[in-house]
There are 2 protein chains.
Amino acid sequence: MSSSCYCTLLRMATRKLAGTYDAALAPAGINVAQFSLLRTVQRRQPVSLTELGRLAELDRSTIGRNVRVLEKMDLVSLTRGKDQREAMVALSETGRETLDAAAPLWDACQTAVAERLGPQRSEALRDLLSAF
Amino acid sequence: MSSSCYCTLLRMATRKLAGTYDAALAPAGINVAQFSLLRTVQRRQPVSLTELGRLAELDRSTIGRNVRVLEKMDLVSLTRGKDQREAMVALSETGRETLDAAAPLWDACQTAVAERLGPQRSEALRDLLSAF
DNA sequence: CATGGTCGCGGGTATATACCCATATTGACC
DNA sequence: GGTCAATATGGGTATATACCCGCGACCATG
């Protein structure tokens with residue numbers, strides 16, 4: 001349809017790109033949002049929901065719900081922090097294995113996308129995103 | 001957090017940009033997704049759900065639910081097409097008024113975003129999106 | 001004109017996302 | 001030590017989005 005709205009175009013591009021990554025990660029049983037969240041947990045664990053939200057620039061309640069899905073999938077475990085208000089998130093053993101399985105899938109997808117875009121567009125994309 | 005995943009970065013950028021447009025359109029009582037959908041309906045009305053989905057590159061069931069929200073807001077009306085299977089969507093009078101009210105808000109937002117990005121990045125964005 | 005395949009939709013289910021409000025815990029200040 | 005503001009969650013509600021399944025309408029072919 002070729003809308004002229006930057007936002008609508010960006011949403012369309014994001015939906016398609018997410019679909020590409022989701023398909024690539026499907027064999028690992030997770031989608032790209034979960035992959036990204038799991039990787040952040042891995043880097044920062046144990047980490048509170050609020051901190052995760054800050055890192056991912058997502059609403060805290062969104063993080064809470066997304067983490068709950070990961071917990072149901074047994075990919076992370078939730079415990080109370082020293083500050084009893086905080087819910088601390090850490091990878092489970094299954095979560096670590098899932099990330100290990102997903103990493104090469106993600107890598108191949110990322111490479112394929114970069115190739116499809118070409119070096120110029122890839123660079124433009126990185127530059128653009130840093131502008132938001 | 002500065003992830004290196006194109007998809008994650010794009011999602012973050014999209015969330016932020018959508019927030020900008022949503023805030024700009026709030027006085028009209030609609031968000032940017034609804035604005036975009038309403039404008040497509042205006043251009044093609046009366047139009048079937050399947051056709052709308054094709055135009056917006058959205059899943060048909062997604063369009064169906066989004067249109068239902070617009071119907072509940074009295075912005076569109078749904079009728080059966082000549083082909084009794086088709087649900088035809090058309091703007092209501094309120095829908096037309098809402099679009100008229102939203103148009104200048106959207107325009108100001110679009111201009112502001114273009115200015116914030118600068119001509120080079122705006123061009124890069126359009127080019128990039130066409131690559132997906 | 002009967003039948004079988006195709007098409008359009010609606011509903012069920014699920015994730016991602018945001019906003020608002022209630023509750024529980026902390027910590028600082030008197 | 002008691003009070004109160006700030007902080008961290010959690011739940012309710014709502015939209016956006018996708019996939020799958022079943023039902024009813026249509027149509028082409030025999």
Side-chain angles (χ1 to χ4, degrees), chain A residues 7-8 10-23 25-26 29-38 40 46-73 75 78-89, chain B residues 7-8 10-23 25-26 29-38 40 46-73 75 78-89:
Chain A
C7 186
T8 302
L10 201 52
R11 287 170 82 103
M12 288 169 69
T14 298
R15 285 198 303 269
K16 287 193 217 171
L17 192 60
T20 301
Y21 279 80
D22 285 352
L25 291 170
I30 57 177
N31 63 33
V32 66
Q34 296 166 341
F35 176 73
S36 177
L37 184 51
L38 280 176
T40 303
V47 58
S48 75
L49 295 182
T50 294
E51 174 70 359
L52 271 180
R54 202 185 57 72
L55 290 167
E57 301 184 45
L58 281 172
D59 188 87
R60 201 178 23 70
S61 71
T62 298
I63 285 288
R65 290 168 215 272
N66 291 359
V67 163
R68 211 178 304 159
V69 172
L70 294 180
E71 189 190 24
K72 201 172 57 181
M73 296 167 77
L75 301 181
L78 278 166
T79 54
R80 282 290 146 183
K82 190 167 184 174
D83 181 334
Q84 290 289 299
R85 291 170 302 181
E86 290 182 324
M88 305 305 286
V89 187
Chain B
C7 185
T8 301
L10 200 53
R11 286 169 81 102
M12 288 169 67
T14 298
R15 284 198 303 267
K16 286 192 217 170
L17 192 61
T20 301
Y21 278 80
D22 285 351
L25 291 171
I30 57 177
N31 62 33
V32 65
Q34 296 166 341
F35 175 74
S36 177
L37 185 51
L38 280 176
T40 303
V47 59
S48 75
L49 296 183
T50 294
E51 174 69 359
L52 272 180
R54 202 185 56 73
L55 291 167
E57 299 184 46
L58 282 171
D59 188 87
R60 198 180 27 70
S61 71
T62 297
I63 285 288
R65 290 168 215 273
N66 291 359
V67 163
R68 212 180 305 158
V69 171
L70 295 180
E71 189 191 24
K72 199 173 57 182
M73 297 166 76
L75 302 180
L78 278 166
T79 53
R80 281 290 147 185
K82 188 165 185 178
D83 181 334
Q84 289 290 299
R85 291 171 302 182
E86 290 183 324
M88 306 303 286
V89 187

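- Listed by chain and residue number, A:S48, A:D83, A:M88 satisfy the side chain to side chain contact (heavy atoms under 4.5 Å, CB included) test with A:E86 (two or more places apart in sequence, or in another chain).
- Running 5' to 3' along DNA chain C, contacts with non-hydrogen atoms of chain B at under 4.0 Å begin and end at C:dC7 to C:dA18.
- In this structure, CZ of A:R68 is placed 7 Å from C1' of D:dG10, rounded to the nearest angstrom.
- Inter-residue side-chain proximity for A:L10 and B:L10 is flagged as met; some heavy-atom pair is nearer than 4.5 Å.
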Does the pair A:E71 and A:V89 meet the rule for a side-chain contact (heavy atoms from CB on, under 4.5 Å), with working shown? CA-CA 9 Å; A:E71 189 190 24; A:V89 187; over 6 Å; no

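- Mapping A:M73 and A:G81 onto DNA chain C via the closest heavy atom, the residue that lands nearer the 5' end is A:M73.
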Any chance you could list the contact pattern along nucleotides 20-29 of chain D? Use B for base contacts, S for sugar-phosphate-only contacts and - for none, protein heavy atoms under 4.0 Å, 5' to 3'. ----BBS---

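- Atom CZ in B:F35 sits 9.5 Å away from atom OG1 in B:T40 (nearest 0.5 Å).
- Contact annotation for B:D22: no contact, since no heavy-atom pair falls under 4.0 Å across all strands.
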Could you give the side-chain donor-acceptor pairs of residues 60-70 of chain A under 3.5 Å, partners two or more places apart or in another chain?
unit_1, atom_1, unit_2, atom_2, d
A:S61, OG, A:D59, OD2, 2.6

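- A residue-by-residue look at A:Q34 and B:E51 shows that B:E51 has its nearest nucleotide of DNA chain C further toward the 5' end.
- Nearest-nucleotide positions on DNA chain D for B:T62 and A:G64 put A:G64 closer to the 5' end.
- We find the OG1-CZ distance between B:T14 and A:R11 to be 8.0 Å, quoted to the nearest 0.5 Å.
- For the pair A:L25/A:N31, no side-chain contact is recorded, criterion being any heavy-atom separation below 4.5 Å from C-beta on.
- When atom types are taken as modelled, the side chain of A:R80 and the backbone of A:R85 share a donor-acceptor pair closer than 3.5 angstrom.
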